[in-house]
Protein chains: 2
Amino acid sequence: MQLQSQPDNSFDSIIATGLFDGADEAVTQSLAAGTSQQFIKKGTVLFIQGDEAKYVYIIHNGWIKLFNETLDGDEAIVDILTTGDYFGDSAMFGNQCYTFSAEVAEDVTATLIPIQQFRNIIEEHPVIAINMLSNMSRRRKQQDMELEHRTLQNAPQRIGCFMLRLCPEGVTKNILIHLPYDKTLVAARLGMQPETFSRALARLKKEAHIEVQGATVHISDLNELTTYSCSACSSSYPCE
Amino acid sequence: MQLQSQPDNSFDSIIATGLFDGADEAVTQSLAAGTSQQFIKKGTVLFIQGDEAKYVYIIHNGWIKLFNETLDGDEAIVDILTTGDYFGDSAMFGNQCYTFSAEVAEDVTATLIPIQQFRNIIEEHPVIAINMLSNMSRRRKQQDMELEHRTLQNAPQRIGCFMLRLCPEGVTKNILIHLPYDKTLVAARLGMQPETFSRALARLKKEAHIEVQGATVHISDLNELTTYSCSACSSSYPCE
DNA sequence: CGAGGGTTTGAAGTGCATCAAATAGTGTGG
DNA sequence: CCACACTATTTGATGCACTTCAAACCCTCG
């Protein structure tokens with residue numbers, strides 16, 4: 001692993017998750033003691049499935065891919081996370097081992113909290129446990145949606161839905177968004193092959209009237225895209 | 001709703017979930033006050049998606065189907081729960097509304113805890129919050145697996161995998177299990193059509209050498225079934 | 001017995017995966 | 001700044017798994 005330690009002067013990134021809302025000074029103090037903020041390069045594998053859990057990671061910047069590998073070399077994307085997300089917490093409760101592998105998909109800045117320390121903080125500060133519960137139940141809901149999407153939406157619709165979640169709220173016309181990471185990874189994230197992604201994107205362009213230039217997407221009319229993507233779904237835009 | 005209230009003398013079902021492990025007398029007392037245990041008939045709809053959340057349900061017995069409905073009438077199964085499972089808790093943290101619908105798939109006995117009361121208990125008893133976190137992270141892991149299964153396993157493998165999770169631990173030869181609910185529901189649970197289920201089951205019979213009589217399944221050699229089902233998966237039997 | 005739901009079987013269609021190959025894009029060293 | 005190597009993306013052709021529609025069968029229960 002290529003890690004470059006940096007002095008950690010702020011907890012902006014931590015606070016961003018909403019995890020430590022309502023926590024008192026004592027908590028931030030105690031956090032500052034054991035944590036480190038690190039810059040980690042694309043391609044670095046943070047840990048693999050089955051490793052003993054050492055840290056909870058809070059992402060400040062960049063992208064992290066969580067995945068599982070099967071016996072015959074296939075890869076299942078668990079999630080792809082970015083700013084404000086955290087992971088590794090689930091290992092705190094089970095057998096203390098990570099249940100997935102983590103790789104840096106785009107250069108990352110992250111805060112690492114030793115897992116035992118994190119656990120202590122939770123046990124001593126109910127507020128944070130509640131915050132975590134709140135976070136977790138939101139994520140569970142998202143996972144439910146994910147499964148629903150896989151079942152009910154076809155490839156072009158899934159891509160459209162993915163784009164919708166990248167759109168800023170409030171605006172409905174002339175939206176410009178950027179795909180967050182390379183298309184192969186987006187494809188994997190959406191549970192399809194790169195070839196399928198390419199073809200599905202082409203269909204989406206035609207049928208929902210959007211324009212794509214590399215990683216840049218131009219959506220002239222949001223309604224058209226929602227109509228196209230969300231019709232097969234149990235919740236309409238904004239789907240959360 | 002056809003509800004029949006019954007006096008609630010024991011908290012066996014509550015304790016079964018592991019939710020209240022380590023909680024003191026005060027908690028159980030306070031629970032007994034507001035809760036009721038009820039018998040509810042197959043087909044009853046407990047609530048639908050969007051309803052204001054009133055209770056957390058703890059299942060004592062029977063089966064509950066959680067699902068979402070899409071605009072065009074399709075149905076996506078979120079989960080199918082039984083003895084020891086609980087649901088409705090996620091609504092405590094968000095907008096206080098259920099994010100899915102719940103229907104009784106097989107006659108149920110359940111304990112209903114008013115949501116505000118549950119929330120109070122959590123806030124006052126960190127132990128229970130930790131228990132919930134522990135439960136939630138286990139369920140999240142299961143959902144990860146679920147998504148992986150949908151992606152990597154074909155229909156017969158998914159059925160085999162489902163059966164494996166019904167097998168008692170330790171035994172490897174001559175296992176008898178019973179499918180928990182009607183085949184249409186199993187199919188939906190596994191994300192396939194009833195017709196596909198029927199055909200896939202037929203293939204499974206041939207290729208993994210199991211016998212099926214109605215809802216009864218006879219597995220003469222467990223290893224054969226695990227080899228057949230788990231090869232495409234990132235974790236081998238017993239897969240959690 | 002006959003009605004109705006659950007289950008199976010058949011035939012045809014669709015969507016995605018796979019394999020193969022061409023093309024575009026990116027970064028490297030000369 | 002160009003040529004090369006290497007990777008990402010696109011395009012084409014084909015196959016397979018699952019869906020869909022239709023009809024038969026089975027089972028249970030009034």
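Sequence lines set the chain letters: A, B, ... in the order given, protein chains first and strands last, and positions in each chain run from 1. Scope of the values below: all heavy atoms of this structure, side chains included, with no hydrogens, waters or symmetry mates.
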What does nucleotides 24-30 of chain D look like as a protein-contact string, B for base, S for sugar-phosphate only, - for none, at under 4.0 angstrom between heavy atoms?
-------

Would you mind listing every ring pair (Phe, Tyr, Trp, His ring centres under 6.0 Å) that reaches into residues 172-194 of chain A, with sequence neighbours excluded?
Trp63(A)-Tyr181(A)

Once salt bridge (charged side-chain N to carboxylate O under 4.0 Å, His left out) is applied, what residue pairs with a partner in residues 202-213 of chain A remain, sequence neighbours excluded?
Arg203(A)-Glu207(A)

Quick note, ring pair (Phe, Tyr, Trp, His ring centres under 6.0 Å) partners involving residues 186-208 of chain B, not counting sequence neighbours, are none

Using the test side chain to side chain donor-acceptor pair (under 3.5 Å), find all partners of Glu106(B) that sit at least two apart in sequence or belong to another chain.
none

Counting primed atoms plus P, OP1 and OP2 as sugar-phosphate and everything else as base, spell out the protein contacts along nucleotides 18-23 of chain D at 4.0 Å heavy-atom distance: B, S or - for each nucleotide, 5' to 3'.
SBBBB-

SB check Arg140(B) Asp79(A) (cutoff 4.0 Å)
no

How would you list, by chain and number, every residue that makes a side chain to side chain donor-acceptor pair (under 3.5 Å) with Glu195(A), sequence neighbours excluded?
none

Helix axis bend for the helix from dC1(C)-dG30(D) to dG30(C)-dC1(D) - C1'-based end axes, five pairs, 10° rounding:
30°

Check the orientation of Tyr98(B) and Phe47(B). Use parallel for under 30°, tilted for 30 to 60°, and perpendicular for over 60°.
parallel

Going 5' to 3' along DNA chain C, which are the first and last nucleotides with any atom under 4.0 Å from a heavy atom of chain B?
dT7(C) to dA11(C)

Please list all pairs passing the salt bridge (charged side-chain N to carboxylate O under 4.0 Å, His left out) test where one or both residues lie in residues 45-63 of chain B, with sequence neighbours left out.
none

At what distance, to the nearest 0.5 angstrom, does OG1 of Thr109(B) lie from CD of Gln37(B)?
6.5 Å

Can you list every ring pair (Phe, Tyr, Trp, His ring centres under 6.0 Å) pair that touches residues 203-227 of chain B, not counting sequence neighbours?
none

Extract all donor-acceptor atom pairs below 3.5 Å that involve side chains of residues 183-190 of chain B and protein atoms in other chains or at least two apart in sequence.
from, atom 1, to, atom 2, distance (Å)
Lys183(B), NZ, Gly214(B), O, 3.3
Arg189(B), NH1, Glu146(B), OE2, 2.9
Arg189(B), NH2, Glu146(B), OE1, 3.4

